[in-house]
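Heads up: the structure comes next, in structure tokens.
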Amino acid sequence: MQKANMVTKTGSQPKRTPAGLPGKWELFVRDMKRDKHLYILLSPYMLLFFLFTVFPVMISIFFSFTNFNMLEFPEWVGWENYSKLLWNDDVFLIGLKNTIVFSVITGPISYIACFVFAWLINELNPKVRAFMTLIFFAPSISGNVFFIWQIIFSGDSYGIMNGFLMKIGITYEPILWLQDPKYMLAIIMLVQLWLSLGTSFLAFIAGLQTVDRTLYEAGAIDGVQNRWQELWYITLPSMRPQLMFGAVIQITASLAVAEVATALAGFPSVQYGAHTIVTHLMDYGTIRFEMGYASAIATVLFSLMLGSNLLVQKLLKRVGE
């Protein structure tokens, strides 16, 4: 009888690997059965996420290998779109260079600025903190308020910047700030930095509010001596989810810049001085309707965003070490 029970128990156990441990698939199935109610509750969101996020990305990747103009059936062309994009499209290469320069400069600066301002504001009393949060967050929710920069950098003598420089004698004639390729990209970077205190800024403030205060007392006992050590060993590791969320937001905003560039420098900009990958995508996707080629541009942009997020994720894992 005891032997029969042992056989029954052995037969009910999941299949094990040579090391004697359950395989990954068996563990996954076991977790699915154990948490089936959670998966049922998550299923509506997962279905919508797949239909409106994952599926469109997969369709875009497929169309990137075709010649598709939305009127005729897609024609398979293989790597032709990517070959043309990387070797024959000089305008795309200009947009790629501008986008990389833009993201390398504005991404880290805006990310650090969001955290620093959130860290400083978090030390204020609740009423002052709420007021300062609104002040810093206001530009990102004020719609087309960045058009004020068109007045500042207007190309005539009535522009604020030109008027100031002419008054103090630095220049004697107006500078075409938003028509000169030497200046337009730098101005767009400045405006984007001004607008960057948005969702990431709020996420950092929320993350700072959730840090357990008793950790600072424990850190003081373990040898943490100043605010910088508290920041590195306690604060930042305690808010890794918010740091990752803010990094994703800032990477997406810096690589997908288009609205500010087209509003200030025009579309297309003079000598493509403010041209980006997204404006190139807009050109082929919404004006020329070459959807296969536009999908190839979108796939390249998606690859850049994915690679940047993976890199930042690895860097954030080293926080606090």
Side-chain angles (χ1 to χ4, degrees), residues 45 48-61 64 85 92 95-118 136-146 185 188-207 239-265 267 274-286 294-317 319:
Y45 168 78
L48 293 175
F49 178 77
F50 180 82
L51 288 177
F52 296 103
T53 302
V54 178
F55 186 67
V57 170
M58 296 171 60
I59 291 296
S60 177
I61 294 174
S64 69
L85 191 66
F92 172 76
L96 178 63
K97 182 201 72 173
N98 290 340
T99 301
I100 292 176
V101 171
F102 187 91
S103 60
V104 168
I105 295 176
T106 62
I109 293 177
S110 61
Y111 183 75
I112 295 173
C114 285
F115 179 80
V116 169
F117 285 123
F136 280 94
F137 186 63
S140 65
I141 59 175
S142 300
N144 294 332
V145 70
F146 59 84
L185 189 61
I188 293 171
M189 290 181 186
L190 176 63
V191 177
Q192 185 65 31
L193 288 173
W194 181 65
L195 294 170
S196 63
L197 294 178
T199 307
S200 301
F201 173 68
L202 293 182
F204 291 156
I205 289 182
M239 51 182 299
R240 276 199 181 99
Q242 290 82 9
L243 293 176
M244 187 61 204
F245 175 78
V248 171
I249 295 298
Q250 296 302 125
I251 289 172
T252 303
S254 60
L255 288 175
V257 61
E259 183 182 7
V260 176
T262 56
L264 296 181
F267 181 65
H275 201 66
T276 64
I277 296 178
V278 176
T279 56
H280 203 60
L281 174 62
M282 292 166 53
D283 183 15
Y284 280 90
T286 63
S295 297
I297 299 172
T299 303
V300 172
L301 180 61
F302 174 75
S303 301
L304 286 175
M305 290 183 177
L306 182 61
S308 300
N309 283 315
L310 292 176
L311 177 61
V312 170
Q313 187 174 3
K314 288 184 178 180
L315 293 176
L316 289 178
K317 287 181 179 179
V319 172

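Predicted, not measured: the structure shown is a model, and the values here were computed from it. No hydrogens, no waters, no symmetry mates; every other heavy atom, side chains included, goes into these values.
Shown here are the side-chain contact (heavy atoms from CB on, under 4.5 Å) partners of Phe267, two or more places apart in sequence or in another chain: Thr262, Thr279, Met282, Asp283, Ile287. Listed by chain and residue number, Leu255, Ser308, Asn309, Val312 satisfy the side-chain contact (heavy atoms from CB on, under 4.5 Å) test with Ile251 (two or more places apart in sequence, or in another chain). Residues that satisfy the ring-ring contact (aromatic ring centres under 6.0 Å, His included) test with Phe204, not counting sequence neighbours, are Tyr111, Phe115. The side-chain contact (heavy atoms from CB on, under 4.5 Å) check on Leu51 picks up Leu47, with sequence neighbours excluded. Val260 is linked by a side-chain contact (heavy atoms from CB on, under 4.5 Å) to Ile188, Val191, Gln192, Leu195, Leu264, counting only residues two or more places apart in sequence or in another chain. For Phe117, the ring-ring contact (aromatic ring centres under 6.0 Å, His included) partners at least two apart in sequence or on another chain are Phe136.
When all heavy atoms are compared, the tightest approach of Met305 to Thr252 is CE-O, 3.9 Å. Nearest heavy-atom pair across Asn98 and Leu185 is OD1-CD2, 3.9 Å. What you find for Ala294 and Leu281 is that their closest heavy atoms are O-CD1, 3.1 Å.
Side chain of Ser60 to backbone of Pro56: no donor-acceptor contact under 3.5 angstrom is found. A side-chain donor-acceptor contact under 3.5 Å links Thr276 to the backbone of Val257.
A distance of 6.5 Å separates CD1 in Ile297 from CZ in Phe92, rounded to the nearest 0.5 Å. Here the straight-line distance linking atom CD1 of Ile249 with atom OG of Ser254 works out to 11.0 Å at 0.5 Å rounding. From Ser200, atom OG reaches atom CD1 of Ile205 across 11.5 Å, with rounding to the nearest 0.5 Å. Considering CD of Gln313 and CE of Met244, their distance stands at 4.5 Å, rounded to 0.5 Å.
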Name each donor-acceptor pair under 3.5 Å that joins a side chain in residues 99-110 to protein atoms two or more places apart or in another chain, with its distance.
residue, atom, partner, partner atom, Å
Thr99, OG1, Gly95, O, 2.7
Thr99, OG1, Ile277, N, 3.0
Ser103, OG, Thr99, O, 3.0
Ser103, OG, Ile100, O, 3.0
Thr106, OG1, Phe102, O, 2.6
Ser110, OG, Thr106, O, 2.6
Ser110, OG, Gly107, O, 3.0
Ser110, OG, Gln250, NE2, 2.6

